[in-house]
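Just below is one structure, and these are the notes that go with it.
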There are 2 protein chains.
Amino acid sequence: MLQFGYHQLLQGCRECGKIKRCFANDLVGNPLDPVTPNLLHDLIQPKGRYIYYQGEDIKNLFFLKAGSVKNIYANNQGDQQIINFYFPGEVIGLAHLYHSYYLSSAITLEKSIVCAFSLPFIQANCEKFPNLLKNILEHFNAEILHCHESLLAINHGIASKRLGVFLLDLIHRQNLAHNRPILIRLTMSRADIANYLGLAPETVSRVLGKYEKSGLILANKKKIQINNLNKLTALVG
Amino acid sequence: MLQFGYHQLLQGCRECGKIKRCFANDLVGNPLDPVTPNLLHDLIQPKGRYIYYQGEDIKNLFFLKAGSVKNIYANNQGDQQIINFYFPGEVIGLAHLYHSYYLSSAITLEKSIVCAFSLPFIQANCEKFPNLLKNILEHFNAEILHCHESLLAINHGIASKRLGVFLLDLIHRQNLAHNRPILIRLTMSRADIANYLGLAPETVSRVLGKYEKSGLILANKKKIQINNLNKLTALVG
DNA sequence: CGTCCCTTTGATTTATGTCAAATTCGGTGG
DNA sequence: CCACCGAATTTGACATAAATCAAAGGGACG
């Protein structure tokens, strides 16, 4: 297992493109404790790798530096529900912070880079660094708000509205709105999107087809080009 | 406006049946500051009263001592979505903690009693009282988990499954499971339930009727008696 | 070049929304 | 206490969006 002193780790962190949102950013001036591997840095994970398993003891929060991850919950019957997707700059595992074990699994959708922060480390440093706490609360808050918006969209939308909300969410979370044309790279399968939105994969396919016919988007397998953001925004309400 | 010193307020708090989950419980030994009205105690609200309005500046977190509250979000088009219901011992307004204004409205469903904690008060005391912070994070966490479960239920359930999940959630959150028979008092209208579950009010009515015919429950207007909790649990998966 | 899996497309079924009407409930005032 | 009114709920008939079932097309990868 990796064994770095914090100073080395944090040195590397300063060059991370996502440092602004990362916990590491809040630890500047932290007294070093090179003995325990509380911060695992730049773990490179292949596609399909479990970051953590549902039921496993919770040990870390993860900061996603590159790639993408799906968060999936399975009930007793084996039904599976994708709860959320995560993108660079986001924190994975937050929803489990006050439980002893993970309540869902996190799986990479593509080759990804994550940094792991141990819970004792986080908790100890929250007391010392108010900014760290604030950062965590903000991520927490974003998680709740995202959930609320998902609920609204899924509850009251027909399929085409749900997919519209999904696309807009991707644009927003990946900061794509300022590019022309807006290009989305879907790292998840149609089945994943369908599961996430509570639709059948066939319906996702049909709605994308319908969007394309109406000139709203240009869809080519995993690449989506948004031609008319205003119209898409209007569609979802 | 009410003007009490904290010692008086906290005195009253110790007799509150919900003190265990309340922030006030974490403030024992707090130095008093009787000047600012940071803690408004036992506000009695009639049915239909707004605790806060969507768009209003966020000033307080609220602890619900008695009654029940619905949390509702309206988009630009005027579509409304009930995000959650709150019951005694729960905290209202948490999802807005890191925004400047409320992103949804909270409305009492019946005569209710709430206590208001100002944000500066909360924030200042979080630094002094680790238990307070822990408490807030636990409430936060519960909020996220509830959201996840709602998503799962609503996404992958047919109407009867959604309503089953809803009833089980009420039983759980109101600690009704240990009573025989289990009696639920629905403080919200059928239309509210329908909106929350993403169904039509007629469907809610029909599903309740179906439950009753199958002997699962006994429904009499706002009162629901659960006859077969195991069967209901099995139904929702 | 062939296999497998993902995706798309088409035909059919079904759950649930919508519209409309009947019934019940809850509150108000005589 | 009872009669009335409006609102909420239930019930019924019908329309429709989306699931399901089935099969064909297209990429990725060995």
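The basis for the numbers below is simple: all heavy atoms, side chains too, and nothing from hydrogens, waters or symmetry mates. Owing to the predicted nature of the structure, the values given are computational and were not obtained by experimental measurement. Lettering of chains follows the sequences in order, A, B, ..., and the numbering in each one begins at 1.
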Once you round it to whole Å, what is the distance between [atom2] of [N] and [atom1] of [X]?
| X | N | atom1 | atom2 | answer |
| --- | --- | --- | --- | --- |
| Lys210(A) | dT9(C) | NZ | P | 14 Å |
| Glu110(B) | dG27(C) | CD | P | 13 Å |
| Leu199(B) | dT18(C) | CG | C1' | 14 Å |
| Glu202(A) | dC21(D) | CD | C1' | 9 Å |
| Leu197(B) | dA15(C) | CG | P | 18 Å |
| Lys47(B) | dG27(C) | NZ | P | 7 Å |
| Lys221(B) | dT9(D) | NZ | C1' | 13 Å |
| Arg206(A) | dT20(D) | CZ | C1' | 10 Å |

query = Quick check, are the ring centers of Tyr101(A) and His96(A) under 6.0 angstrom apart?
reply =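 They do not qualify: ring centres at least 6.0 Å apart.
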
inquiry  = Before we go on, tell me: are the rings of Phe63(B) and Phe117(B) under 6.0 Å apart, centre to centre?
reply    =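 No.
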
request  = Between Ser189(A) and Val204(B), just flag the one whose closest nucleotide in DNA chain C comes earlier from the 5' side.
outcome  =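 Nearer the 5' end of the strand: Ser189(A).
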
request  = Return the nearest nucleotide to the side chain of Ala200(B); candidates are dA18(D), dT9(D), dG17(C).
outcome  =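 That would be dG17(C).
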
Any Phe85(A) side-chain heavy atom under 4.5 Å of Tyr196(A) side chain =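 A side-chain contact under 4.5 Å exists here.
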
key: Any Lys65(B) side-chain heavy atom under 4.5 Å of Pro88(B) side chain   =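 No - every pair of side-chain heavy atoms lies 4.5 Å or more apart.
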
inquiry  = Heavy atoms only, 4.0 Å cut-off, all strands: where does Leu208(A) land among base, sugar-phosphate and nothing?
reply    =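 Nothing, no nucleic acid heavy atom in range.
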
inquiry  = At 4.0 Å (heavy atoms only), tell me whether Lys222(B) reaches a base, stays on the sugar-phosphate, or touches nothing.
reply    =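 Lys222(B): backbone/sugar contact only, no base atoms under 4.0 Å.
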
ask   = Just to confirm, is there a sub-4.0 Å distance from OP1 or OP2 of dT7(C) to any side-chain nitrogen or oxygen of Ser205(A)?
value =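 Negative; the distance criterion is not met.
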
